[in-house]
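In what follows, chains carry the letters A, B, and so on, assigned in the order in which the sequence lines appear, proteins first and then strands, with residues in each chain numbered from 1. Keep in mind it's a predicted model, so treat the numbers as computed, not measured.
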Number of protein chains: 2
Amino acid sequence: MSLDSIDKRILEVLQNKGRMSNAELSDMANLSASACHRRVQRLEKDGYIRDYVALVDPRKVGRPTTVFVEITLSGQADEVLDAFEQAVARVPDVLECHLMAGTADYLLKVVAGDTDDFARIHRRYLATLPGVAQMQSSFALRTVRQTTAMPI
Amino acid sequence: MSLDSIDKRILEVLQNKGRMSNAELSDMANLSASACHRRVQRLEKDGYIRDYVALVDPRKVGRPTTVFVEITLSGQADEVLDAFEQAVARVPDVLECHLMAGTADYLLKVVAGDTDDFARIHRRYLATLPGVAQMQSSFALRTVRQTTAMPI
DNA sequence: AATGAAAATATGGTCTC
DNA sequence: GAGACCATATTTTCATT
């Protein structure tokens, strides 16, 4: 159920090099290949490792602009929230959506090509989201740090 | 330099299954294994694919709480910004840091165990960041959507 | 771009501690 | 229960066409 120091080491390594071969990984963990392999399988089965993914450079595929959008809904009823969440999950340009405590109800992270492209995304998708009372967009000028690696 | 529809298909697939075998990937792309392999190598070499990583479940490793922290600096001089950015990059609990346009100067995405753990991170790391004039933290109650896949 | 051969890697069994 | 060693299957990689 819980992780020993070897498991943590494996997770740390795979979080940074997800395609490392089992042979090399077993070296990093000071284990035999089979022992290492069984640990990785357990970490996958138990849900510690959710997925392996390739990270694509946003600039290379025309999405250099990150915009955070704070959204206030017109009500707090479950139906309003559910409808909003289902709709927002279908927008491919929205990478993240968080239900927030405090001022705004939701915080969205959106990737766009530029400000014009964000205007397109806004018109086409965001403006049609149900139950929205207020929306405030903040542009990122530059991303200083961006990682998917959890501190272990 | 640019991507045809087959390249895009390959990126889409690898963004969701980063450890897919080249054999299976070549099926998805309707290519021979060798042709597919050369495409992937080119996408890696040209920087379209930045990395392969394992995604670890934040809940499983004791980081179920996401906090967004808006930070205003005491000045806009390059030295102030540089010092801040170098310091923030060393905090393992900060997964993202964006320089923002508009109200706040920086937006940080922090992962914590719970509110008490965030208090620890705040005391130990955030409170010691240089040049900070104001800091406002917003807790995420629930993450509705979280993906690393760029729309292609 | 396809084919086939060689090398590397992953996977699963079995034994031992 | 966990690790090491070994055998086999799969995959990658590269030369050739």
Ignoring backbone atoms, establish whether [X] has a side-chain N or O less than 4.0 Å from OP1 or OP2 of [N].
{"X": "A/Gln41", "N": "C/dA10", "value": "no"}
{"X": "A/Arg39", "N": "D/dG3", "value": "yes"}
{"X": "A/His37", "N": "C/dG12", "value": "no"}

(message) Counting only side-chain heavy atoms from C-beta out, which of C/dA10, D/dA4, C/dA2 sits nearest to B/Ser32?
(response) C/dA2
In whole angstrom, what separates [X]'s [atom1] from [N]'s [atom2]?
{"X": "A/Leu31", "N": "D/dG1", "atom1": "CG", "atom2": "P", "answer": "18 Å"}
{"X": "A/Asp27", "N": "C/dA10", "atom1": "CG", "atom2": "C1'", "answer": "15 Å"}
{"X": "B/Met20", "N": "D/dT11", "atom1": "CE", "atom2": "P", "answer": "12 Å"}
{"X": "B/Asn22", "N": "C/dA2", "atom1": "CG", "atom2": "C1'", "answer": "14 Å"}
{"X": "A/Arg19", "N": "D/dT11", "atom1": "CZ", "atom2": "P", "answer": "12 Å"}
{"X": "A/Arg42", "N": "C/dT11", "atom1": "CZ", "atom2": "C1'", "answer": "18 Å"}
{"X": "A/Lys45", "N": "C/dT11", "atom1": "NZ", "atom2": "C1'", "answer": "17 Å"}
{"X": "A/Ile6", "N": "D/dA4", "atom1": "CD1", "atom2": "C1'", "answer": "13 Å"}

(request) Check the pair A/Ile49, A/Leu11 against side chain to side chain contact (heavy atoms under 4.5 Å, CB included), reporting the backbone distance first and the verdict last. (result) CA-CA 8 Å; A/Ile49 296 173; A/Leu11 288 180; 3.6 Å; yes
(message) Can you say whether a donor on the side chain of A/Arg38 sits under 3.5 Å from an acceptor on the base of D/dG3, or the other way round?
(response) yes
(request) Please state whether the base of D/dC5 and the side chain of A/Ser34 form at least one donor-acceptor pair under 3.5 Å? (result) yes
(request) For the pair A/Glu85 and B/Arg142, find out whether any cationic side-chain nitrogen is under 4.0 Å from an anionic carboxylate oxygen. (result) yes
(request) Output, in order, the C-alpha distance, side-chain angles, deciding distance and verdict of side chain to side chain contact (heavy atoms under 4.5 Å, CB included) for B/Arg42 and B/Asp7. (result) CA-CA 10 Å; B/Arg42 187 173 61 78; B/Asp7 293 322; 2.9 Å; yes
(message) Assigning hydrophobic clusters by single linkage (Ile, Leu, Val, Met, Phe, Trp, Tyr; side-chain heavy-atom cutoff under 4.5 Å), is A/Phe118 placed with B/Met100?
(response) no
(message) Please give me the minimum heavy-atom distance between B/Arg9 and B/Ala29, naming the atom from each residue.
(response) CG-CA, 4.5 Å
